[in-house]
**Student:** 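Just passing along the structure, written as structure tokens.
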Protein chains: 2
Amino acid sequence: MKLSRKSDYALRALFTLVENYGRGPISIREIAERNDIPRRFLEQIMLDMKSRKWVESIAGRDGGFILAKSPDEITMGQVVRHFDGILAPISCVSTSHYEPCSQEGVCRFRRVLLDIRNYVSRLMDDATLSRVFTGAIVRREEVFSPDMVYGEGI
Amino acid sequence: MKLSRKSDYALRALFTLVENYGRGPISIREIAERNDIPRRFLEQIMLDMKSRKWVESIAGRDGGFILAKSPDEITMGQVVRHFDGILAPISCVSTSHYEPCSQEGVCRFRRVLLDIRNYVSRLMDDATLSRVFTGAIVRREEVFSPDMVYGEGI
DNA sequence: TATAATCACGACCAACTTGATCGGGATTCA
DNA sequence: TGAATCCCGATCAAGTTGGTCGTGATTATA
């Protein structure tokens, strides 16, 4: 999974709305400023998220956006899948965007990619906005040392 | 991590060479046919891998390619990093391709992406060609049910 | 009711990446 | 000599990314 700017910006915006949950709308301009996002680009993204029913807009002066549902009803998985289309590292191990591959029966490394898919999928679908916001989504790898680095660097 | 065709093809070719390890060279044409890879495209990739000292070439008629080192001295991590540049889902959690981000101090979801980075990095750097070839790289997620699917699909 | 701030919508676009193809040269074996 | 191979650089079409821009429509407030 490679996170696009769009997913990145969408998540930044959503967490800003989570932070303000129950306290009225925030304008695109303010979200953009607080999160260092190009304003006109964020416009697109917010409208997109509105059509997905993740946010609601209030038009006119003093208008802006609020979350359309509770922060534990939206997951990072949903957001990234919407904007980036696929979480799996390759489509032959994707269920939502599966495409057949002539080598599937003999491929030696498919298994490794499948493992990555499973891990990423599980993690992202567990990651509701509220859990991530409160830091409740810490996993095995981070229990011992938060800044632990594996392998040669990534 | 999104696996590019180049990485994919490179890995297919390498595992073909592993299969034939110690039994003479295989031509690009044959590797291409056996793995369903465009021949002229594979040429580039093999030359690239030659410069990385992963494979050696034998020129002239009956020539071809062989592995330049033992299958347990090459990892999937090295290959994917070479062709795709970055394993991490976003550069702010990459060590090899780190780029600063204005939101780093306040970002709510960086932690989740860091977790993915750690998992992928560890898995890929453990994945030597020989271990993957023999199937010795099965991990937690796959111990119980090989085709287990998590979340909404990926 | 004028005005300023906001959301809404669609068109446009430059730069980059991906996934190749192509022509022709150098090397080697039979 | 010729056939099969590796070698090298140029080129390129299509799609994706990451935006910008102009212009309406809506609404609170002075």
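Worth knowing before you read on, the calculation uses all heavy atoms, side chains too, and leaves out hydrogens, waters and symmetry mates. Computed from a prediction, not measured in an experiment: that's the story for all the values here.
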**Student:** Can you check the Lys6(A) NZ to dT20(D) C1' distance for me, whole Å?
**Tutor:** 13 Å
**Student:** Between Arg39(A) and Ile58(A), which is nearer to the 5' end of DNA chain D once each is assigned its nearest nucleotide?
**Tutor:**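 Nearest-nucleotide comparison on DNA chain D picks Arg39(A).
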**Student:** Does Arg34(A) CZ have over 12 foreign heavy atoms under 6.0 Å away?
**Tutor:** yes
**Student:** Less than 4.5 Å apart, any side-chain heavy atom of Met1(A) and any of Met124(A)?
**Tutor:**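 Met1(A) vs Met124(A): side chains touch.
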**Student:** Of the nucleotides dA20(C), dA28(D), dT27(C), which has the atom closest to the Asp62(A) side chain?
**Tutor:**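 So the nucleotide nearest the side chain must be dA28(D).
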**Student:** Name the nucleic acid region contacted by Arg40(B), choosing base, sugar-phosphate or nothing; use a 4.0 angstrom heavy-atom cut-off, strictly under.
**Tutor:**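 Contact class for Arg40(B): base.
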**Student:** Expressed as a whole number of angstroms, how long is the span from Met46(A):CE to dC9(C):P?
**Tutor:** 14 Å
**Student:** With hydrogens left out and only the distance checked, is there a donor-acceptor pair under 3.5 Å joining Gln44(A)'s side chain and the base of dC9(C)?
**Tutor:** no
**Student:** If you measure from the Lys or Arg side-chain nitrogens to the Asp or Glu carboxylate oxygens, is any gap between Arg12(A) and Asp8(A) under 4.0 Å?
**Tutor:**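 Looking at Asp8(A) together with Arg12(A), the answer is yes, because their closest N to O distance falls below 4.0 Å.
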**Student:** Could you state the CG-C1' distance from Asp36(B) to dG19(C), rounded to the nearest angstrom?
**Tutor:**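 Roughly 14 Å, once rounded to whole Å.
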**Student:** Can you tell me how far P of dT21(C) sits from CD1 of Ile37(B), to the nearest Å?
**Tutor:**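 The distance from CD1 of Ile37(B) to P of dT21(C) comes to 12 Å, rounded to the nearest Å.
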**Student:** Report the residue from Val80(A), Val79(A), Val132(A) that forms a side chain to side chain contact (heavy atoms under 4.5 Å, CB included) with Phe109(B).
**Tutor:** Val132(A)
**Student:** Counting only side-chain heavy atoms from C-beta out, which of dC29(C), dC7(D), dA20(C) sits nearest to Pro38(B)?
**Tutor:** dA20(C)
**Student:** Say you draw a straight line from CZ of Arg131(B) to CG of Asp126(B); how long is it, rounded to the nearest 0.5 Å?
**Tutor:** 5.0 Å
**Student:** Which nucleotide in the set dG19(D), dA5(C), dC7(C) lies at the smallest distance from any side-chain heavy atom of Ser27(A)?
**Tutor:** dC7(C)
**Student:** With a 4.0 Å cut-off on heavy atoms, is Tyr9(A) in touch with a base, just the backbone sugar-phosphate, or nothing at all?
**Tutor:**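 Tyr9(A): backbone/sugar contact only, no base atoms under 4.0 Å.
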**Student:** Output yes when at least one side-chain N/O atom of Ser57(A) is less than 4.0 Å from OP1 or OP2 of dT6(C), else no.
**Tutor:** no
**Student:** Whole angstrom is fine here: how far is it from NZ in Lys2(A) over to P in dT17(C)?
**Tutor:**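 Rounding to the nearest Å, NZ of Lys2(A) and P of dT17(C) are 9 Å apart.
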**Student:** Would you mind reading off the distance between Phe41(B) atom CZ and dA13(D) atom P, rounded to a whole angstrom?
**Tutor:**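 Taking atom P of dA13(D) as the reference, CZ of Phe41(B) is at 17 Å.
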**Student:** Among dG19(C), dT5(D), dG18(D), which is the nearest nucleotide to the side chain of Arg5(A)?
**Tutor:** dG18(D)
**Student:** Report yes if a donor N or O on one partner sits less than 3.5 Å from an acceptor N or O on the other, where the partners are the side chain of Glu43(A) and the base of dC9(C); otherwise report no.
**Tutor:**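 By the distance-only test, yes, there is a pair.
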**Student:** Provide, to the nearest angstrom, the distance between the CG atom belonging to Asp84(B) and the P atom belonging to dG19(C).
**Tutor:**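 Rounded to the whole Å, the gap is 9 Å.
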**Student:** Leu42(A) and Val106(B): same hydrophobic cluster, using ILVMFWY side-chain contacts below 4.5 Å?
**Tutor:**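 Not linked; separate clusters.
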**Student:** Examine dT5(D): is either OP1 or OP2 under 4.0 Å from a nitrogen or oxygen in the side chain of Arg29(B)? Give yes or no.
**Tutor:** yes
**Student:** Strictly below 4.0 Å: does Lys50(B) bring a side-chain N or O up to OP1 or OP2 of dC7(D)?
**Tutor:** yes
**Student:** So what does Gly63(A) touch, heavy atoms closer than 4.0 Å: a base, only the sugar-phosphate, or nothing?
**Tutor:**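 Contact class for Gly63(A): sugar-phosphate only.
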**Student:** Specify the separation, in whole Å, of atom CD1 of Ile45(B) and atom P of dT21(C).
**Tutor:** 11 Å
**Student:** Identify which nucleotide among dT28(C), dA4(C), dT20(D) has an atom closest to any side-chain atom of Ala59(B), counting heavy atoms from C-beta outward.
**Tutor:**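 For Ala59(B), the side-chain atoms sit closest to dT28(C).
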